[in-house]
Amino acid sequence: MLAEPARTRVPVLVGEAKWSHTVDAERLRARLVRKAANLTGDVEALTYAVCAREEVTHVREGVLPITAADVFRP
């Protein structure tokens with residue numbers, strides 16, 4: 001979880017990384033929303049980071065897709 005520096009413990013980003021070749025962002029986001037509800041009452045204000053080895057599918061607004069290719073590009 002990342003939080004805004006000027007505010008105390010206000011989450012702005014939550015995420016999860018899977019080592020699968022492909023990850024369905026919408027499915028994983030739904031699970032993250034349920035978990036994030038324990039952190040904040042405004043889960044729609046969060047950005048959700050979804051990470052996979054090669055491809056993140058079904059990405060909608062508010063989801064940051066990240067792949068190993070993005071991170072480890074030479």
Side-chain angles (χ1 to χ4, degrees):
M1 170 187 77
L2 292 180
E4 294 179 14
R7 298 174 69 185
T8 305
R9 302 185 75 148
V10 177
V12 294
L13 181 138
V14 293
E16 192 165 330
K18 300 291 186 186
W19 195 239
S20 301
H21 289 281
T22 302
V23 172
D24 182 334
E26 189 56 32
R27 198 180 94 207
L28 189 52
R29 182 190 175 280
R31 283 192 284 177
L32 287 170
V33 166
R34 288 192 298 274
K35 292 177 183 180
N38 293 318
L39 301 173
T40 181
D42 191 8
V43 295
E44 291 303 317
L46 297 171
T47 297
Y48 294 89
V50 175
C51 309
R53 194 175 341 175
E54 294 177 10
E55 181 182 26
V56 178
T57 62
H58 302 110
V59 178
R60 71 180 213 180
E61 188 174 338
V63 174
L64 175 63
I66 303 168
T67 66
D70 296 333
V71 176
F72 298 109
R73 188 170 284 138

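In what follows, every heavy atom counts, from backbone to side chain, and hydrogens, waters and symmetry copies are set aside. Small disclaimer: the values here were computed from a predicted structure and weren't measured.
Minimum heavy-atom separation, Tyr48 to Val43: OH-O, 2.7 Å. Of all non-hydrogen atoms in Ala49 and Ile66, the two that sit nearest each other are CB-CD1, 4.4 Å. Across every non-hydrogen atom of Val23 and Cys51, the tightest pair is CG2-O, 3.9 Å. For Leu46 against Ala36, the heavy-atom pair with the smallest separation is CD1-CB, 3.6 Å. Scanning both residues, Val59 and Val63, for their nearest heavy atoms gives CG1-O, 3.8 Å.
To the nearest 0.5 Å, atoms OG1 (Thr57) and CG (Leu28) are separated by 10.5 Å. Note that CD of Glu55 is 4.5 Å distant from OG1 of Thr22, once rounded to the nearest 0.5 Å.
Other residues, nucleotides and ligands place no more than 12 heavy atoms under 6.0 Å from the CZ atom of Arg27.
Contact annotation: the side chain of Val56 approaches that of Thr67 to within less than 4.5 Å [non-hydrogen atoms, C-beta and beyond].
The list of side-chain hydrogen bond (donor to acceptor under 3.5 Å, both in side chains) pairs with a residue in residues 11-21, not counting sequence neighbours, reads Glu16-Lys18, Glu16-Lys35, His21-Glu54.
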